[in-house]
Amino acid sequence: MAALYYRTVSLGVVLTLAGGLGAGFMLGAFLPRIVSARSERVVPYEEAVAGSTRGDANEGGSGQDGEIPLSEGTYDGPAFARSMPVDRKEDWIAWMREKGRGDSQAFMEERWALAGAFVQSGELKRTEDVRAFLLSPREHFVRAWNRGYEYADTWLPIGYGATITDPDVVAMMTTTLEIKPGEKVLEIGTGSGYQSAILSYLTTKVYTIEIIEPLFIETDRLYQDMEAAFPSYSVIKRRLGDGYYGWEKYAPFDKILVTCSIDHIPPPLLKQLKTGGVMVLPLGPPGRQYIMEVKKEASEDGSVTLRRRDVYNGISVKFIPFRNETGGSYSTFP
Ligand code: SAH
C-alpha cells in the first residue's frame, strides 16, 4: 500500500514538474494509451486486421526458417493428467514416484506449494490447469546458473536475451485460455520450452515458434532428451521462424498464446485464430505490458468483433520484445 501511495504521489509530482517544463502535452498523449490498454473494449475486427503493411499471407519467409521434421506424436497428455490424484499432496507424490519420472522430493514439494498459491490467487482456475502445472518440472527448463531459483515466482534469464516467464504469469495465461483436449494451440516464443510443456497436458495439438536459432535448437534437444520420461512432449510441434506471421500450414487455431511483448495484435495471428477462439498476449509499449485476453466473436449479423480484457485488471508485467528477423522490435512505440 505504501509503495502504491508513493508511486501515485511521485507520478503526480512528475506530471506537475513535466507540465511546468512544457512537456505536459507529451505525457498527456502517453497516458491515455496506457489507460485505454487497461479497460475492457470491443474492437471491430475489420479495423484490427486492416491497414497493416506488416505482412499478411507471408508465412515467415526467412531463409533460416525451418521446421523440425517430427513424427506425429499422438500421446494423450490430457488423459494421463486426468488419472493423477490431486486431493492430497502425499497421494500425488506417491503417484508421481510410481510413474518413474525422477522428480525430486524437494522440487515436488515446491511445485505443490506454488500450485496451491496460484489456486488461491486465482491464477490457476481450473483443475485441468492445476494438473498440467503439477506435471511440469520447471527445474528442467531453468538454466544451470539459476539453480536454487527453480520455483521462485519470478522470470529468469535463459540466455540470448530471452527469459523463462514468471510461473504465476505462465499459470494465468494458461488458465485464461481454457484449453480443451483436442484444441489446436499455437504458442509464439518457445523460449525455454516450459510453457509448451504445460500445454502438452491440456491438448494433443501444440504448436510453438521460436525466432532465435540457438535457443530453438537447445529447447528441441531438451524435449528430445526428456521425451522418454515425459512422452507428452512428443506432440509439441516446433518451428524456427518469425511468429508474427503465425503458422499458416496448421491454421486456424482455437487458442493462441503470445509470450513476447508487442504494442498491437499481429493481424496475421488474428486471421489464424478461429472465430470463437481466444488469444492471450502481453500488449503494451516496451517495458510495460498488460496481459490481454482477446476473444474473436461472431455477431448475429455475421460480422466479427474482438472483445479484449486485461486479465490482471491494471497490473502491468514486463515481457521481452516481439522481434523481427533482423532483431528489431515490432512495436512502433519508442
Ligand atoms: N514461453 C517462453 C518465454 C520465452 S521469452 C518460456 O516459457 O520460456 C519470449 C520468447 O519469444 C523468446 O525466446 C524470444 O526469442 C521469442 N520471440 C521474440 N520474437 C519472436 C518472434 N517474432 N517469433 C517467435 N519467437 C519470438
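Indexing begins at 1, ligand by ligand and atom by atom, following the structure's order.
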* **Point-to-point distance, once rounded to the nearest 0.5 Å, from NZ of Lys99 to CE of Met84** => 11.0 Å
* Considering only heavy atoms, which of Met173, Arg239, Arg138, Glu187 lies nearest to atom 1 (N) of ligand 1? -> Glu187
* To do: For the residue pair Phe80 and Trp95, categorise the inter-ring angle as parallel (less than 30°), tilted (30 to 60°) or perpendicular (more than 60°).
  => tilted
* Starting from atom 19 (N) of ligand 1, locate the nearest protein heavy atom and write down its residue, its atom name and how far away it is, to 0.1 Å. => Arg323 N, 2.9 Å
* Asked: Any non-hydrogen atom of Glu325 lying under 4.0 Å from ligand 1?
  -> no
* Asked: Counting from 1, what ligand 1 atoms have a heavy atom of Ala162 closer than 4.0 Å?
  -> 12 (C), 13 (O)
* Around atom 15 (O) of ligand 1, find the nearest protein heavy atom and jot down its residue, atom name and distance. => Glu210 OE2, 2.6 Å
* Part of Thr190 with heavy atoms under 4.0 Å of ligand 1, whether side chain, backbone, both or neither -> backbone
* Taking Glu183 for its side chain and Lys180 for its backbone only, find out whether a donor-acceptor pair lies under 3.5 Å. => yes
* Who's closest to atom 25 (N) of ligand 1 heavy-atom-wise, of Asn324, Leu215, Ile211? -> Ile211
* Asked: Hey, is CD on Glu90 packed in by over 12 heavy atoms from elsewhere, all under 6.0 Å?
  -> yes
* **Contact check: Ile164 vs ligand 1, nitrogen or oxygen atoms, below 3.5 angstrom** => no
* Check whether any side-chain heavy atom of Glu210 sits under 4.5 Å from a side-chain heavy atom of Ile212, and report yes or no. => yes
* Contact check, Pro321 vs ligand 1, heavy-atom distance below 4.0 Å -> yes
* Any idea which atoms of ligand 1 are less than 4.0 Å away from a heavy-atom of Ile212? -> 15 (O)
* What atoms of ligand 1 come closer than 4.0 angstrom to any heavy atom of Thr163? -> 3 (C), 4 (C), 5 (S), 8 (O)
* Counting from 1, what ligand 1 atoms have a heavy atom of Gly243 closer than 4.0 Å? -> 21 (C), 22 (N), 23 (N), 24 (C)
* Considering the heavy atoms of Ile320, write down every atom of ligand 1 situated less than 4.0 Å from one of them. => 5 (S), 9 (C), 12 (C), 14 (C)
* Proximal atoms of ligand 1 relative to Asp242 (non-hydrogen, under 4.0 Å) -> 21 (C), 22 (N), 23 (N)
* **side chain to side chain donor-acceptor pair (under 3.5 Å) evaluation trace for Thr174 with Gln195** => CA-CA 8 Å; Thr174 306; Gln195 173 73 69; 3.0 Å; yes
* Determine, stepwise, if the pair Tyr312 / Tyr290 fulfils ring-ring contact (aromatic ring centres under 6.0 Å, His included). => CA-CA 7 Å; Tyr312 275 119; Tyr290 299 90; over 10 Å; no
* Would you check if Glu187 and Thr259 make a side-chain contact, meaning some heavy-atom pair closer than 4.5 Å? => yes
* To do: Note the single closest protein heavy atom to atom 11 (O) of ligand 1, along with its residue, its atom name and the distance in Å.
  => Gly189 CA, 3.2 Å
* **Under 3.5 Å: donor-acceptor pair, side chain of Glu110, backbone of Ala152** => no
* Asked: Sub-3.5 Å donor-acceptor pair from the side chain of Arg138 to the main-chain atoms of Tyr151, do we have one?
  -> no
* Asked: For ligand 1, which atoms, with element, lie under 4.0 Å from some heavy atom of Gln195?
  -> 1 (N), 7 (O)
* Asked: Do any N or O atoms from the side chain of Ser299 and from the backbone of Gly302 form a donor-acceptor pair under 3.5 angstrom?
  -> no
* To do: Report, in ascending order of atom number, the atoms of ligand 1 lying under 4.0 Å from any heavy atom of Cys260.
  => 11 (O), 17 (N), 18 (C), 19 (N), 20 (C), 26 (C)
* Consider every N or O of Tyr244 and every N or O of ligand 1, then say whether any pair is closer than 3.5 Å. => no
* Do the side chains of Ile291 and Phe319 get nearer than 4.5 Å, heavy atoms only? -> yes
* **Asp254 and its salt bridge (charged side-chain N to carboxylate O under 4.0 Å, His left out) partner, picked from Lys274, Lys184, Lys296** => Lys274
* To do: Please confirm whether Gly241 comes under 4.0 Å of ligand 1, counting heavy atoms of the residue only.
  => yes
* Report yes if some N/O of Thr259 lies less than 3.5 Å from some N/O of ligand 1; otherwise report no. => yes
* Does Ser192 approach ligand 1 within less than 4.0 angstrom via side chain, backbone, both or neither, non-hydrogen atoms only? -> both
